[in-house]
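Each chain gets a letter, A, B and so on, in the order the sequences are listed, and its residues count up from 1.
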There are 2 protein chains.
Amino acid sequence: MARKPADQSVNREEIITAAADVLSRRGYETATMKDIAAAVNLTAASLYHHFRNKDALLLAVLEMGLEFTINRIQPITCQRGLSAEERLRAMIREHIVGVADNPAVGAAMVFEIHALSNAKPPTRRAKPEDLQAFEAFLTQRDAFFRRRDAFEHLFRAVVQEGVRSGEFHPVDVPIFVKALLGANNWVGVWYRPDGRLSGEAIATEITSYFLPALLMRK
Amino acid sequence: MARKPADQSVNREEIITAAADVLSRRGYETATMKDIAAAVNLTAASLYHHFRNKDALLLAVLEMGLEFTINRIQPITCQRGLSAEERLRAMIREHIVGVADNPAVGAAMVFEIHALSNAKPPTRRAKPEDLQAFEAFLTQRDAFFRRRDAFEHLFRAVVQEGVRSGEFHPVDVPIFVKALLGANNWVGVWYRPDGRLSGEAIATEITSYFLPALLMRK
DNA sequence: GTTATAATCGAATCTGCATTAGATTATTTC
DNA sequence: GAAATAATCTAATGCAGATTCGATTATAAC
């Protein structure tokens, strides 16, 4: 029985952080609850005290990653003193540095999101509470997807504003933003903390690739 | 018993194509052999006549996707009559149009590659033939990864050449190519055949975002 | 310090697949 | 058309891993 010395009670936050790391290394389906639990010195069974099930844990990881990112970027969009160019530069920087500083979260945001769509409903005649819980999960998942769209719209709004005002060369705003976010998200796939360039440096580079298209002289 | 009317014997190629589709929709771990088999009107057991196991099938899907892409792009890199700019434009176009024409393959190339890394060795004292087979799989997988690097180098080479000759503004070639391929790969994630823009149109747009950074006047 | 609740554990379930085994049917070769 | 081989099937097998159960220990309230 010999309970482990009980370092300290583990909380939700720590589990989410550790789970992001495990997920980014093994992928949602391959990572076991046991793996995730081990990362915080727990057993698989104990995780169920903190999260209803594996899907709920995944959702929590992704929500945390998205909120983290939005919290960095949102404030920039409404700084009224700055030009569209200045704001966009700052937003790209925050996005990329955020990904580089938290590669696990960055990778999970790219690779594991579509595991959410495969969440399976409670099998046979499950307890009503389980059906309730699944409904709640679906609602929360939809909210997550809407929030993700909102994130994309932060970028669209700034680019759009620059185009409207004539500060930016006209581009297809949705496509431009998809291309930009594709490049940024991809950083989470290839970035290595011990690589040649820092997150800052990468952000500067990538910014310098996208801005000329907006600023070029006709 | 009533054997199905036996339309026609199914071949490797068809299975790979169907598997790419299933994988892109459900993900490697979630897609079952039964799902994939059903997509070509077979039973799961029958797939094992064509592929040693699920990992081998995944590898075959990814290899096919990569070869398809390389075959479109490689020839462009050595057309000596064309400037670096002209070649790069053509390469981006081929890449994106290829992804848009085969979204299943495009998505699989992005999302399922890292399932390859999780391939598990034969468990206990498996027959020597199984160990052999696993060795072969590892070798083939390594070759795949090298081939993928080679693909990236096709782009690097052209950009590098443009920079060397002064045709392009100096950029950090590896990072530039990562950003470009990130944007291109991402198309496979969001592109919908019934969307607002064709693959061609998207390629034109994205090209117009990356080229100014290379061509701008100091 | 007694009671209530929160965290944790070890040891079962329970199920969904991948994979194998052993026929059966098609197709080719001669 | 007989023999050999290819392609498929149905029906096990086996196992890994999510989830549940019941018990145990820590922590807080009072």
* Asked: Can you tell me if A/Tyr191 uses its side chain to pair, donor with acceptor, with the backbone of A/Trp186 under 3.5 Å?
  -> no
* **Nearest-angstrom distance from the residue atom NE2 of B/His49 to C1' of C/dT27** => 12 Å
* **Pairwise distance CZ(B/Arg87) to CG(B/Leu82) - rounded to 0.5 angstrom** => 6.5 Å
* Asked: Rounded to whole angstroms, how far apart are CG on B/Leu42 and P on D/dA7?
  -> 11 Å
Determine all donor-acceptor pairs shorter than 3.5 Å in which one atom belongs to a side chain in residues 57-65 of chain A; sequence neighbours excluded.
unit_1  : atom_1 : unit_2   : atom_2 : d
A/Glu63 : OE1    : A/Gln140 : NE2    : 3.1
A/Glu63 : OE2    : A/Gln140 : NE2    : 3.1

* Asked: Reckon B/Ala31 touches a base, only the sugar-phosphate, or nothing at all at heavy-atom distances under 4.0 Å?
  -> sugar-phosphate
* Phosphate oxygens OP1/OP2 of C/dC17: is one of them under 4.0 Å from a side-chain N or O of B/Thr32? -> no
* Output the residues of residues 111-119 of chain B in contact with DNA chain D, where contact means a heavy atom of the residue under 4.0 Å from an atom of the strand; sort by number or write none. => none
* Which residue pairs pass the salt bridge (charged side-chain N to carboxylate O under 4.0 Å, His left out) test when at least one of the two sits in residues 27-48 of chain A, sequence neighbours left out? -> A/Arg26-A/Asp35
* Asked: Pairs in or reaching into residues 10-23 of chain B: which pass salt bridge (charged side-chain N to carboxylate O under 4.0 Å, His left out), with residues at least two apart or in two chains?
  -> B/Asp21-B/Arg25
* To do: Would you list the pairs meeting salt bridge (charged side-chain N to carboxylate O under 4.0 Å, His left out) in which at least one residue belongs to residues 140-151 of chain A, sequence neighbours left out?
  => A/Glu67-A/Arg147
* Please give, in whole Å, the distance from D/dA7 C1' to B/Leu47 CG? -> 12 Å
* Structure fact -> The complete set of side chain to side chain donor-acceptor pair (under 3.5 Å) pairs with one or both residues in residues 97-115 of chain B, sequence neighbours excluded, reads none
* Asked: In whole Å, what is the span from the CD1 atom of B/Ile15 to the P atom of D/dA7?
  -> 10 Å
* What's the CZ-C1' distance between A/Phe51 and D/dA18, to the nearest Å? -> 16 Å
* To do: Check the distance between D/dA7's C1' and B/His50's NE2 and give it to me in whole angstrom.
  => 6 Å
* **d(NZ, B/Lys34; P, D/dT8) in whole Å** => 18 Å
Atom pairs, N/O to N/O, protein against nucleotides 19-21 of chain D, distance under 3.5 Å?
unit_1 : atom_1 : unit_2  : atom_2 : d
D/dT19 : OP2    : A/Tyr48 : OH     : 2.7
D/dT19 : OP2    : A/Lys54 : N      : 2.9
D/dT19 : O5'    : A/Tyr48 : OH     : 3.4

* With a non-hydrogen cut-off below 4.0 angstrom, is B/Thr43 in contact with a base, only sugar-phosphate, or nothing? -> base
* Provide the full list of salt bridge (charged side-chain N to carboxylate O under 4.0 Å, His left out) pairs with a residue in residues 171-185 of chain B, sequence neighbours left out, each pair given once. => A/Arg196-B/Asp172, B/Glu152-B/Lys178
* Asked: What pairs of residues pass the side chain to side chain donor-acceptor pair (under 3.5 Å) test when at least one of them lies in residues 199-210 of chain A, not counting sequence neighbours?
  -> A/Arg93-A/Glu200, A/Glu205-A/Tyr209
* To do: Take atom CD of B/Glu14 and atom C1' of D/dA7, then tell me their distance rounded to the nearest Å.
  => 13 Å
